[in-house]
Amino acid sequence: MRVVTTAQTQELDVQPTPLALLLLGREADPRSERGVECPGDLPSPSDPDLVERARAAKEKLGSKVFVLGHHYQRDEVIQFADVTGDSFKLARDAAARPEAEYIVFCGVHFMAESADILTSDDQKVVLPDLAAGCSMADMATAEQVAECWDVLTDAGIAEQVVPVSYMNSSADIKAFTGKHGGTICTSSNAQRALEWAFEQGEKVLFLPDQHLGRNTAVRDMGMTLEDCVLYNPHKPNGGLTAEQLRDAKMILWRGHCSVHGRFSVDSVNDVRARIPGVNVLVHPECKHEVVEAADYVGSTEYIIKALEAAPAGSKWAIGTELNLVRRLANRFASEDKEVVFLDKTVCFCSTMNRIDLPHLVWTLESLAEGNLVNRIEVDRETEQFAKLALERMLALP
């Protein structure tokens with residue numbers, strides 16, 4: 001493979017693409033989930049005073065700051081969270097704390113956007129590291145989805161299609177959904193959202209996670225795999241014919257979670273062989289064949305509640321992000337519940353793990369000194385339509 005240097009590109013009059021510059025950390029794209037380098041001088045990860053510094057800065061800020069910690073965050077960060085939960089729960093918790101001037105969201109970019117949409121104009125949402133994005137949310141851009149809608153229009157079915165977008169999507173995608181009469185869903189209420197959508201139209205465009213859409217439609221709503229088609233934004237017309245689009249009930253976007261997509265049927269078979277009597281519990285972002293092979297399927301909150309209700313002595317293999325699984329294993333060890341990670345390969349969410357203690361300390365100390373850093377702010381028009389889609393979800397029975 002030939003490597004072309006910057007000097008060579010100038011000589012050849014070849015300019016690096018915006019994406020290439022972005023990945024090199026030399027450009028910023030505020031409308032992308034991909035982050036850029038964090039400004040400011042971070043404290044060293046080896047600083048023995050980090051915990052005390054975070055505690056002191058948070059104490060100085062008092063009620064002015066509200067720290068949200070997603071379930072997939074590191075323990076070193078979670079210890080400073082005022083509340084923990086999944087992305088939507090945390091965004092709602094933030095909206096319920098109007099006295100907090102600063103919302104520090106220890107999660108990823110789309111979560112902070114949702115918090116900004118739901119909180120008041122006086123509140124400022126901060127993401128400790130702008131590089132904390134989400135690969136799944138990146139798999140559906142506003143331009144790609146607009147092009148998809150043109151394809152549906154050309155096929156003569158756009159008026160029959162209701163978009164349903166997973167919470168794990170950018171504000172732009174949520175706004176598109178709101179503009180086109182659709183709703184947002186979480187992994188907990190995806191079935192209710194789809195039932196509502198099919199009351200409004202004949203077909204659903206589900207994005208960006210194909211697996212949650214497919215699993216909900218087939219496993220929970222009795223559709224068949226043939227009722228689902230996969231729209232690939234990198235192929236002309238999504239790689240589908242007009243006839244395929246007209247015949248489909250579920251038009252699934254070709255997106256997935258890089259963590260949950262790693263689990264396989266082999267993982268399930270292997271853990272059953274190693275741990276007799278084990279209960280396999282997976283997230284619905286896993287592949288359809290993995291969900292079919294599991295004993296239980298549910299959202300992050302469902303997983304936590306299932307383990308809370310499990311009898312002493314029970315054994316569980318969990319197919320979700322490793323930080324949460326490890327935390328649950330430690331929590332329930334004293335109750336004689338064995339909790340293991342479904343796969344043999346260790347797999348953290350790499351972007352979620354960008355929020356570490358040095359970034360949190362830097363954020364809190366900056367805010368305590370009166371310096372607003374890493375604010376996530378959604379523009380007015382995008383916020384208007386994204387909020388409309390979110391409100392439709394909140395109104396679901």
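Side chains included, hydrogens not; waters and symmetry mates left out as well; all remaining heavy atoms used. Positions are given from 1, in the same order as the sequence printed here.
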Checklist entry - Is there a donor-acceptor contact under 3.5 Å from the side chain of Asn374 to the main chain of Leu127? => result yes

Checklist entry - What side-chain hydrogen bond (donor to acceptor under 3.5 Å, both in side chains) pairs are there with at least one residue in residues 53-66, not counting sequence neighbours? => result Asp47-Arg53, Glu52-Arg55, Arg53-Glu365, Lys58-Asp82

Next on the checklist: Please tell me whether Val218 and Val282 are part of a single hydrophobic cluster in this structure, the criterion being side-chain heavy atoms less than 4.5 Å apart.
Outcome noted: no

Checklist entry - Can any side-chain N or O of Lys203 pair as donor or acceptor with the backbone N or O of Ile157 at less than 3.5 Å? => result no

Next on the checklist: Any side-chain to backbone donor/acceptor pair from Gln123 onto Ala115? Under 3.5 Å, distance only.
Outcome noted: no

Item to check | For Glu285, the option from Thr320, Asn168, Thr300, Val259 that meets side chain to side chain contact (heavy atoms under 4.5 Å, CB included) | outcome: Asn168

Checklist entry - Is Met223 reachable from Leu240 through a run of hydrophobic residues whose side-chain heavy atoms are each under 4.5 Å from the next? => result no

Checklist entry - Does CZ in Arg254 sit with more than 12 non-hydrogen atoms of other residues, nucleotides or ligands closer than 6.0 Å? => result no

Next on the checklist: Using a 3.5 Å distance criterion without hydrogens, assess whether the side chain of Asn189 forms a donor-acceptor pair with backbone atoms of Thr186.
Outcome noted: yes

Item to check | Stepwise side-chain contact (heavy atoms from CB on, under 4.5 Å) check, Asp93 with Arg97 | outcome: CA-CA 7 Å; Asp93 285 343; Arg97 290 291 292 266; over 6 Å; no

Item to check | Closest non-hydrogen atom pair, Val339 against Ala329 | outcome: O-CB, 3.5 Å

Item to check | Centroid-centroid under 6.0 Å between Phe341 and Phe263 rings | outcome: yes

Checklist entry - Can you check side-chain contact (heavy atoms from CB on, under 4.5 Å) on Glu308 and Arg331, steps first, answer last? => result CA-CA 10 Å; Glu308 287 174 341; Arg331 175 183 170 186; 2.7 Å; yes

Checklist entry - CG/Leu245 to CG/Asn237 distance, rounded to the nearest 0.5 angstrom? => result 8.0 Å

Item to check | Contact check, side chains of Leu68 and Val83, non-hydrogen atoms, under 4.5 Å | outcome: yes

Checklist entry - Counting N and O atoms only, with roles assigned by atom type, does the side chain of Lys174 sit under 3.5 Å from a partner on the main chain of Met167, one being a donor and the other an acceptor? => result yes

Item to check | Min side-chain heavy-atom separation Met111-His70 under 4.5 Å | outcome: yes

Checklist entry - Can any side-chain N or O of Asp247 pair as donor or acceptor with the backbone N or O of Gln244 at less than 3.5 Å? => result no

Item to check | Heavy-atom closest pair, residues Ala317 and Leu342 | outcome: CB-CD1, 4.1 Å

Checklist outcome for this item: Minimal heavy-atom distance between Val162 and Gly181, with the atoms involved, is CG1-O, 3.8 Å

Checklist entry - Does Lys287 pair with Glu289 as a salt bridge, N-O distance under 4.0 Å? => result no

Checklist entry - Do Val164 and Ile184 belong to the same hydrophobic cluster, where Ile, Leu, Val, Met, Phe, Trp and Tyr are linked whenever their side-chain heavy atoms lie under 4.5 Å apart, directly or via other members? => result yes

Checklist entry - In terms of hydrophobic clusters joined by side-chain contacts under 4.5 Å, are Met250 and Tyr231 together? => result no

Next on the checklist: Strictly by side-chain hydrogen bond (donor to acceptor under 3.5 Å, both in side chains), give each pair with a member in residues 151-161 just once, sequence neighbours left out.
Outcome noted: none

Item to check | Closest heavy-atom pair and its distance - Glu202, Phe198 | outcome: O-CE2, 3.4 Å

Checklist entry - Is there a donor-acceptor pair under 3.5 Å between the side chain of Asp129 and the backbone N or O of Ala132? => result no

Checklist entry - Taking the side chain as C-beta and beyond, is there a heavy-atom pair between His211 and His288 under 4.5 Å? => result no

Checklist entry - Hey, are the side chains of Glu383 and Glu377 touching, using non-hydrogen atoms and a 4.5 Å cut-off? => result no

Checklist entry - Can you list the steps and then say if Cys257 with His283 is a side-chain contact (heavy atoms from CB on, under 4.5 Å)? => result CA-CA 11 Å; Cys257 170; His283 195 281; over 6 Å; no

Checklist entry - Mind checking whether Leu360 and Cys106 have side chains closer than 4.5 Å, heavy atoms only? => result yes

Checklist entry - Among the clusters formed by ILVMFWY side chains lying less than 4.5 Å apart, do Val126 and Val361 turn up in the same one? => result yes

Checklist entry - If you count the non-hydrogen atoms of other residues, nucleotides and ligands that lie under 6.0 Å from CD in Glu381, is the total more than 12? => result no

Checklist outcome for this item: One should read off an interatomic distance between Met136 CE and Trp253 CH2, to the nearest 0.5 angstrom, of 14.0 Å

Checklist entry - Does a salt bridge link Asp295 with Arg272, judged by any charged N lying under 4.0 Å from a carboxylate O? => result yes

Checklist entry - Going by an N to O cut-off under 4.0 Å, is there a salt bridge joining Asp86 and Arg92? => result no

Item to check | Contact check, side chains of Ile78 and Asn323, non-hydrogen atoms, under 4.5 Å | outcome: no

Checklist outcome for this item: Only one of Val291, Ile303, Asn215 passes side chain to side chain contact (heavy atoms under 4.5 Å, CB included) with Val297, and that residue is Val291

Checklist entry - Taking all atoms of both residues into account, what is the closest heavy-atom pair of Met221 and Glu195, and its distance? => result CE-CG, 3.8 Å

Checklist entry - Looking at CD of Glu143 and CD of Glu147, how far apart are the two atoms once the value is rounded to the nearest 0.5 Å? => result 10.0 Å

Checklist entry - Hey, is the main chain of Val378 close enough, under 3.5 Å, to the side chain of Asp116 for a donor-acceptor pair? => result yes

Next on the checklist: Would you say that Glu292 contacts Val268 through its side chain, given a criterion of any heavy-atom pair below 4.5 Å between the two side chains?
Outcome noted: no

Next on the checklist: Is any side-chain heavy atom of Leu50 closer than 4.5 Å to one of Pro358?
Outcome noted: yes

Checklist entry - Which pair of heavy atoms, one from Ala100 and one from Phe66, lies closest together, and at what distance? => result CB-CB, 3.7 Å

Next on the checklist: With no hydrogens and no angle check, just 3.5 Å: does a side-chain donor-acceptor pair link Thr363 and Ser366?
Outcome noted: no

Item to check | Distance-only side-chain donor-acceptor flag, Ser135 / Asp138, under 3.5 Å | outcome: no

Item to check | Thr183 side chain vs Met393 backbone, donor-acceptor pair below 3.5 Å | outcome: yes

Next on the checklist: Nearest 0.5 angstrom please: Ile355 CD1 to Arg74 CZ, how far?
Outcome noted: 9.5 Å

Checklist entry - In Å, rounded to the nearest 0.5 Å, how long is the span from CG of Leu394 to CG of Leu118? => result 7.5 Å

Checklist entry - After noting the C-alpha distance and the side-chain angles of Ser187 and Tyr302, does the key distance pass the side-chain contact (heavy atoms from CB on, under 4.5 Å) rule? => result CA-CA 10 Å; Ser187 52; Tyr302 174 92; over 6 Å; no

Checklist entry - Centroid-to-centroid, Phe176 to Trp149, below 6.0 Å? => result yes

Next on the checklist: Can a donor-acceptor pair be found, under 3.5 Å and without considering hydrogens, that links the side chain of Arg354 to the backbone of Ala131?
Outcome noted: yes

Checklist entry - When rounded to the nearest 0.5 angstrom, what distance separates OH in Tyr296 from CD1 in Ile318? => result 11.0 Å

Item to check | Residue among Glu321, Lys89, Glu301 satisfying side-chain hydrogen bond (donor to acceptor under 3.5 Å, both in side chains) with His71 | outcome: Glu301

